[in-house]
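Got a structure here, written out as structure tokens. Questions coming.
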2 protein chains.
Amino acid sequence: MSARHDELVRTSARLFAERGYHGTSMADIAAAMGVQKGSLYSLTDSKQALLVEAMRGGAAAFHDALDAVAEDATAVDRIRDALRAHLRVVAAQLDVATVFTREWRFLEGGALEEIRVARRRYEERWQALFREGVEQAELRADLDAEAAALLVLSAANWAYTWLRPGTDTDRLADRFLAILVDGWRGYATPGPG
Amino acid sequence: MSARHDELVRTSARLFAERGYHGTSMADIAAAMGVQKGSLYSLTDSKQALLVEAMRGGAAAFHDALDAVAEDATAVDRIRDALRAHLRVVAAQLDVATVFTREWRFLEGGALEEIRVARRRYEERWQALFREGVEQAELRADLDAEAAALLVLSAANWAYTWLRPGTDTDRLADRFLAILVDGWRGYATPGPG
DNA sequence: CCTACCGATCGGTAGG
DNA sequence: CCTACCGATCGGTAGG
């Protein structure tokens with residue numbers, strides 16, 4: 001709603017990312033906002049509500065990033081776009097990405113289930129990119145699509161632990177792709193067929 | 001020291017993995033041990049000391065796993081052994097692996113620095129496996145060893161979030177390797193040269 | 001947005 | 001290993 005509310009959500013996400021949800025007190029958040037902790041409750045219902053809001057921001061950012069991937073490109077190009085988009089979100093919203101990836105398990109009740117669904121759907125969208133690549137014979141027929149998706153998503157999900165803001169994430173995505181597409185051995189790479 | 005002490009460390013690791021370090025109280029741990037919380041302090045100095053002990057167990061398990069990798073094998077075989085060994089540790093000691101990977105940042109003082117060093121050294125040992133593979137011309141000359149290590153370590157480090165005890169981790173490692181060695185496109189794979 | 005407060009719980013200790 | 005307790009802090013509320 002208000003700008004002050006948005007600032008509160010961003011500040012909480014930052015502290016949750018730094019110290020963890022249970023390691024952050026409402027007094028910590030209030031100090032970072034420059035007010036007394038009682039004052040926070042005119043901007044939010046509870047500490048849990050702040051976690052829910054940060055989490056929804058993360059879910060939306062990652063799904064929106066995938067939405068922007070071109071529909072009509074080749075499988076490898078689409079996966080490249082998806083990985084670039086994911087890493088861009090991590091670098092641009094490192095706190096929210098961290099909370100989304102690491103602190104979601106402290107959600108309670110319906111919000112926990114909601115975010116679990118959003119996370120599962122995100123993984124399924126990634127797996128689909130690989131299955132389509134195999135079906136359209138752009139990726140090798142015996143490719144283990146499940147393992148391939150798990151590998152690239154692991155790198156994408158682990159990124160919050162080491163990615164620094166300001167990194168050229170498009171180039172980083174390409175470095176990963178250069179390995180994943182042709183492998184460590186990487187014999188000469190003629191076109192398919 | 002005592003069997004009761006070991007049980008306390010294992011129980012704490014399990015709760016730290018489930019609820020997080022700051023989400024676990026000494027009363028929670030005492031209840032899981034079937035005693036009153038005051039009784040825990042004859043077995044440990046503090047909650048922080050329990051985290052330190054779990055963490056040292058994790059560091060030792062991962063380093064020991066790498067120590068067991070054959071010295072005289074090819075680079076790909078050594079990396080395969082290393083990944084198998086890592087995933088075996090994760091599956092066999094899921095709680096400790098989770099704490100080591102996710103809760104280390106709640107260590108304080110010298111123990112934090114100690115574990116940071118152990119984690120960094122572990123990553124460097126992995127990078128060395130790739131550099132040696134390139135130097136010995138078993139992996140392609142233009143391989144981005146840093147990105148290659150980051151990729152496989154991401155999968156290894158992310159594993160605690162989805163790996164179930166009882167999984168055939170050697171087979172899982174091989175599924176990952178099948179993709180990483182020859183890539184998604186995977187043209188016919190003649191021997192080098 | 002502040003002050004003042006609530007009951008509950010925190011990690012840890014004393015004394016047995 | 002227990003009971004009883006410590007001061008500090010927790011998330012949250014009332015009333016202004």
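Everything quoted here is computed from the prediction, not taken from an experiment. Letters A, B, ... are given to chains in the order of the sequence lines, protein chains preceding strands, and every chain is numbered from 1.
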Residue-phosphate contact under 4.0 Å: A:Tyr41 side-chain N/O, D:dT13 OP1/OP2: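 Answer is no, no contact under 4.0 Å.
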
Salt bridge (charged side-chain N to carboxylate O under 4.0 Å, His left out) partners for A:Asp168, two or more places apart: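 If we apply the salt bridge (charged side-chain N to carboxylate O under 4.0 Å, His left out) test to A:Asp168, skipping adjacent residues, there are no hits.
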
Sugar-phosphate, base or nothing in reach of A:Ser42, heavy atoms under 4.0 Å: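 Contact class for A:Ser42: base.
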
Residue pairs involving residues 26-49 of chain A (criterion ring pair (Phe, Tyr, Trp, His ring centres under 6.0 Å); sequence neighbours excluded):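 Applying ring pair (Phe, Tyr, Trp, His ring centres under 6.0 Å) to every pair that reaches into residues 26-49 of chain A, excluding sequence neighbours, yields nothing.
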
Listed pairs, N/O of protein and of nucleotides 4-9 of chain C, under 3.5 Å:
none

Show the atom names and distances, to 0.1 Å, of all donor-acceptor pairs under 3.5 Å that link a side chain in residues 57-64 of chain B to residues at least two apart or in another chain.
unit_1  : atom_1 : unit_2   : atom_2 : d
B:His63 : ND1    : B:Arg121 : NH2    : 3.3
B:His63 : ND1    : B:Arg125 : NH1    : 3.0
B:His63 : NE2    : B:Ala118 : O      : 3.0

Interatomic distance where CE belongs to A:Met26 and C1' belongs to D:dT13 [whole Å]: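 Rounding to the nearest Å, CE of A:Met26 and C1' of D:dT13 are 12 Å apart.
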
Length of the CD-P vector between A:Glu108 and D:dG11, whole Å: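 Going from CD in A:Glu108 over to P in D:dG11 covers 12 Å.
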
Salt bridge (Lys or Arg N to Asp or Glu O under 4.0 Å) between B:Arg56 and B:Glu53, intermediate numbers included: CA-CA 5 Å; B:Arg56 287 192 178 133; B:Glu53 286 203 74; over 6 Å; no

Side chain to side chain donor-acceptor pair (under 3.5 Å) partners of A:Asp45, counting only residues at least two apart: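 With sequence neighbours excluded, A:Asp45 shows a side chain to side chain donor-acceptor pair (under 3.5 Å) to no residue whatsoever.
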
For B:Tyr160, ring-ring contact (aromatic ring centres under 6.0 Å, His included) partners two or more places apart: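 With neighbours one apart ignored, the set is empty.
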
Watson-Crick and G-U pairing of DNA chain D, under 3.5 Å, as dot-bracket with | and [ ]: ||||||||||||||||

Strand contacts (DNA chain D) in residues 15-24 of chain B, 4.0 angstrom heavy-atom criterion: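 Contacting residues: none.
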
Separation of atom CZ in A:Phe106 from atom P in D:dG11, rounded to whole Å: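 Those two atoms, CZ and P, are 14 Å apart.
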
Selection from D:dC2, D:dG12, C:dC10 that lies nearest to any side-chain heavy atom of B:Ala27: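 So the nucleotide nearest the side chain must be C:dC10.
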
Output side-chain donor-acceptor pairs under 3.5 Å for residues 95-103 of chain B, partner residues at least two apart or in another chain, one line each.
unit_1   : atom_1 : unit_2   : atom_2 : d
B:Thr98  : OG1    : B:Leu94  : O      : 2.7
B:Thr101 : OG1    : B:Ala97  : O      : 2.7
B:Arg102 : NH2    : B:Ala17  : O      : 3.0
B:Glu103 : OE1    : B:Tyr21  : N      : 3.0
B:Glu103 : OE2    : A:Arg105 : NH2    : 3.1

Counterpart residues, side chain to side chain donor-acceptor pair (under 3.5 Å), relative to A:Glu132 (two or more places apart):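 A:Glu132: side chain to side chain donor-acceptor pair (under 3.5 Å) contacts with A:Arg78.
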
A:Gln36 CD to D:dT13 C1', straight-line distance once rounded to whole Å: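 It is 15 Å, rounded to the nearest whole Å.
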
Pair B:His86 and B:Tyr122, ring centroids less than 6.0 Å apart: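 Yes, they do, as the ring centres are separated by less than 6.0 Å.
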
Interatomic distance, A:Leu40 CG vs C:dC2 P [rounded to whole Å]: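 About 9 Å, once rounded to whole Å.
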
Candidate nucleotides C:dG12, D:dC1, D:dG11, ranked by approach to the side chain of B:Lys47 - the nearest: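 Looking only at heavy atoms from C-beta outward on B:Lys47, the closest nucleotide is C:dG12.
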
Contact check, side chains of B:Ser2 and B:Leu43, non-hydrogen atoms, under 4.5 Å: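 Yes - at least one pair of side-chain heavy atoms lies under 4.5 Å apart.
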
Residue pairs passing the salt bridge (charged side-chain N to carboxylate O under 4.0 Å, His left out) test where at least one lies in residues 17-28 of chain B, sequence neighbours excluded: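 Every pair satisfying salt bridge (charged side-chain N to carboxylate O under 4.0 Å, His left out) with a residue in residues 17-28 of chain B: B:Arg14-B:Glu18, B:Arg19-B:Asp28.
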
Which residues share a side chain to side chain donor-acceptor pair (under 3.5 Å) with B:Arg119, sequence neighbours left out: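 Not a single residue meets the side chain to side chain donor-acceptor pair (under 3.5 Å) criterion with B:Arg119.
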
Which residue lies more 5' along DNA chain D, comparing A:Ser39 with B:Ser39 via nearest heavy atoms: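 On the 5' side of the pair lies B:Ser39.
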
Nearest-angstrom distance from the residue atom CG of A:Leu50 to C1' of D:dC10: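 Computing the A:Leu50:CG to D:dC10:C1' distance gives 15 Å.
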
Whole-Å gap separating P (C:dC10) and CG (B:Asp28):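 So the two atoms are 6 Å apart, to the nearest Å.
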
Whole-Å gap separating P (C:dG12) and CG (B:Leu8):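 Going from B:Leu8 (CG) to C:dG12 (P), I get 12 Å.
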
